[in-house]
Peer 1: 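Okay, here's the structure, questions in a sec.
Both backbone and side-chain heavy atoms feed into the values below; hydrogens, waters and symmetry mates do not.
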Amino acid sequence: MMPKLLLQAAAAAVADRRWYGSGGRRGYLPLRHPPHVAPGRFTACLLAVAAVTTTFALALTLHRPDLSSAAAYAASPRGGGGAGYAVVINTWKRYDLLRRSVAHYSGCGGVDAVHVVWSEPEEPTEELRGSVLNCSDGGGAGVRFVINAEDSLNNRFRPIQGLTTDAIFSVDDDLIVPCSTLRFAFAVWQSAPSAMVGFVPRMHWLADPGSNAKEYRYGSWWSVWWTGTYSMVLSKASFFHRQYLDLYTNRMLPSIRDYVNENRNCEDIAMSFLVANVTGSPPIWVQGRIFEIGSSGISSLKGHDLQRSKCLNTFSAMYGHMPLVATRVKAVDSRTSWFW
């Protein structure tokens with residue numbers, strides 16, 4: 001049976017034009033609608049999509065748009081470029097987990113290549129390189145290390161030379177998404193290539209809706225479960241267009257990247273802000289089972305949610321507004337759902 005895509009609510013519509021920026025630096029830029037994107041060879045399915053916004057702006061807030069580069073990008077392929085998608089694995093001194101992740105993702109159908117983002121002070125040893133590269137033996141996708149000179153969480157969003165696909169699946173080294181679930185999420189992304197499409201939803205809300213002070217709180221999974229609402233999908237397991245790598249690294253305010261470096265947190269929130277501000281639309285949460293194979297990380301540290309709330313308020317102050325858009329949309333594969 002051919003799979004169908006069920007979106008449980010309609011995404012928010014976006015105006016044809018939108019203001020970008022804050023303070024004295026604003027740009028007026030038309031949002032463009034990308035052409036129809038044909039499913040890839042692994043996604044020959046029927047997609048019943050409820051008004052998913054597929055707008056993609058060509059410049060980022062807080063910087064005056066470069067109309068020449070915008071025009072050049074407008075003429076380039078949009079969404080679904082290449083035969084599949086690239087997997088970008090962020091790793092840090094968890095070599096056994098890295099080997100397991102590379103072995104898994106390099107064997108999934110539709111994966112064009114696996115890129116390992118390396119930010120440790122010392123380059124990977126020849127032994128480690130060999131053991132990781134051997135994980136893809138047997139006809140799997142090719143694997144390469146992306147070596148960075150400095151340790152920074154921003155490295156996971158640096159542009160990668162040699163990408164041949166528009167779609168990127170960003171994932172941490174301790175998360176395993178089954179290949180069939182990953183293939184379904186890729187089909188969802190193809191229907192909305194300007195959106196972030198992922199498996200880990202999170203929420204923001206006003207601490208005091210009745211107050212004039214705009215102070216925000218970060219909501220973890222339990223907030224999403226309780227309210228059925230979310231405004232972010234974390235980049236620890238999400239698809240997005242490769243153009244956002246360039247926007248994050250070269251067009252976003254340097255002060256945001258500096259904040260991420262200083263606090264060693266919130267690069268995923270920064271990316272959520274960027275995408276929401278460019279599109280004016282919410283992300284898309286794909287319901288699917290994912291498996292954590294590690295037991296430690298930044299999210300396990302004490303005071304994590306408090307730090308994340310601080311990031312929300314700091315970034316919204318830098319943007320001059322709160323770009324995140326809440327939604328109740330959820331993409332569900334009807335083949336694995338009792339009710340749809």
Side-chain angles (χ1 to χ4, degrees), residues 6-9 11-12 89-90 92 94 97 101 153 156 169-178 180-182 184-185 188-189 192 195-207 209 215-240 260 263-276 281-316 322-333 336-340:
L6 175 63
L7 296 182
Q8 294 183 336
I89 301 177
N90 193 58
W92 179 263
R94 299 192 289 194
L97 300 186
S101 293
L153 291 175
R156 73 181 306 160
F169 181 65
S170 172
V171 65
D172 285 354
D173 58 10
D174 63 346
L175 282 179
I176 296 294
V177 180
S180 59
T181 303
L182 201 58
F184 174 73
V188 177
W189 179 84
M196 285 189 73
V197 175
F199 298 95
V200 186
R202 294 294 184 263
M203 183 56 190
H204 81 285
W205 69 83
L206 283 170
E215 183 178 355
Y216 298 96
R217 293 286 183 267
Y218 178 82
S220 63
W221 160 246
W222 294 111
S223 299
V224 177
W225 179 85
W226 182 257
T227 64
T229 306
Y230 66 98
S231 56
M232 296 171 275
V233 290
L234 301 187
S235 55
K236 66 191 298 180
S238 67
F239 281 95
F240 52 81
V260 169
N263 293 272
R264 293 196 60 81
N265 206 329
C266 299
E267 83 287 356
D268 49 357
I269 295 180
M271 177 59 85
S272 290
F273 266 65
L274 185 155
V275 176
S281 301
I284 301 176
W285 170 25
V286 175
Q287 179 176 288
R289 295 185 65 188
I290 62 177
F291 301 92
E292 292 190 344
I293 58 177
S295 58
S296 63
I298 292 176
S299 61
S300 63
L301 300 177
K302 184 178 180 180
H304 178 69
D305 285 358
L306 183 62
Q307 176 63 53
R308 306 281 276 181
S309 295
K310 185 178 179 182
C311 292
L312 288 174
N313 290 291
T314 300
F315 294 164
S316 62
M322 169 52 76
L324 297 178
V325 180
T327 182
R328 291 179 179 174
V329 171
K330 182 168 62 174
V332 180
D333 189 339
T336 60
S337 177
W338 286 98
F339 302 101
W340 60 280

Peer 1: Who pairs with Ser272 by side-chain contact (heavy atoms from CB on, under 4.5 Å), at least two apart in sequence or on another chain?
Peer 2: Met196, Met232, Leu324
Peer 1: Quick one: are Asp305 and Ser220 in side-chain contact, heavy atoms under 4.5 Å?
Peer 2: yes
Peer 1: Got a donor-acceptor contact below 3.5 angstrom from the Tyr230 side chain to the Ser223 backbone?
Peer 2: no
Peer 1: For Gly219 versus Arg202, what's the shortest heavy-atom pair and its separation?
Peer 2: O-CD, 3.5 Å
Peer 1: If you compare all heavy atoms of Pro282 against all heavy atoms of Ala195, which two are closest, and at what distance to 0.1 Å?
Peer 2: O-CB, 4.5 Å
Peer 1: Working note: Leu206 + Tyr216, criterion side chain to side chain contact (heavy atoms under 4.5 Å, CB included); need CA distance, chi angles, decisive distance, verdict.
Peer 2: CA-CA 5 Å; Leu206 283 170; Tyr216 298 96; 3.4 Å; yes
Peer 1: Looking at CG of Asp173 and CH2 of Trp92, how far apart are the two atoms once the value is rounded to the nearest 0.5 Å?
Peer 2: 11.5 Å
Peer 1: Should the heavy atoms of other residues, nucleotides or ligands under 6.0 Å from CH2 of Trp225 be counted, would the total exceed 12?
Peer 2: no
Peer 1: Given side chains that start at C-beta, do those of Leu175 and Glu292 come closer than 4.5 Å, heavy atoms only?
Peer 2: yes
Peer 1: Can you check whether Ser238 reaches Trp189 side chain to side chain, under 4.5 Å on heavy atoms?
Peer 2: no
Peer 1: Please step through salt bridge (Lys or Arg N to Asp or Glu O under 4.0 Å) for the pair Asp172 and Arg156, ending with a clear verdict.
Peer 2: CA-CA 10 Å; Asp172 285 354; Arg156 73 181 306 160; 2.9 Å; yes
Peer 1: Within a strict 4.5 Å, meaning less than it, do heavy atoms of the Val200 and Ile290 side chains meet?
Peer 2: yes
Peer 1: Can you see which heavy atom on Arg308 is nearest to which on Leu234, and at what distance?
Peer 2: NH2-CD2, 3.7 Å
Peer 1: Does the side chain to side chain contact (heavy atoms under 4.5 Å, CB included) test come out yes or no for Trp285 and Val224, once each step is laid out?
Peer 2: CA-CA 11 Å; Trp285 170 25; Val224 177; 4.1 Å; yes
Peer 1: Checking Thr181 against Arg289 for the side-chain hydrogen bond (donor to acceptor under 3.5 Å, both in side chains) test, could you report, in this order, the C-alpha distance in whole Å, the side-chain angles of both residues, the deciding distance, and whether it holds?
Peer 2: CA-CA 8 Å; Thr181 303; Arg289 295 185 65 188; over 6 Å; no
Peer 1: May I ask you to test the Phe169-Val177 pair for a side-chain heavy-atom distance under 4.5 Å?
Peer 2: yes
Peer 1: Show the nearest heavy-atom pair for residues Gln287 and Val332, with the distance to one decimal.
Peer 2: NE2-CG1, 4.2 Å
Peer 1: Compare all side-chain heavy atoms of Ile284 with those of Val233 and state whether any distance is below 4.5 angstrom.
Peer 2: no
Peer 1: Where is the tightest heavy-atom contact between Ile293 and Ser101, given as atom of each residue plus distance?
Peer 2: CD1-OG, 4.2 Å
Peer 1: Say you draw a straight line from CG of Asn265 to CG of Leu153; how long is it, rounded to the nearest 0.5 Å?
Peer 2: 7.5 Å
Peer 1: Partners of Thr229 by side-chain contact (heavy atoms from CB on, under 4.5 Å), sequence neighbours excluded?
Peer 2: Met203, Thr227, Ala326, Arg328
Peer 1: Mind running side chain to side chain contact (heavy atoms under 4.5 Å, CB included) on Trp205 and Ser231 for me, showing each step along the way?
Peer 2: CA-CA 9 Å; Trp205 69 83; Ser231 56; over 6 Å; no
Peer 1: State the CD-CG distance between Glu267 and Leu274, to the nearest 0.5 angstrom.
Peer 2: 13.0 Å
Peer 1: If every non-hydrogen atom of Phe199 is compared with every non-hydrogen atom of Leu182, which pair is closest and at what distance?
Peer 2: CE1-CD1, 4.4 Å
Peer 1: How about Met322 and Phe315: do any of their side-chain heavy atoms sit closer than 4.5 Å?
Peer 2: no
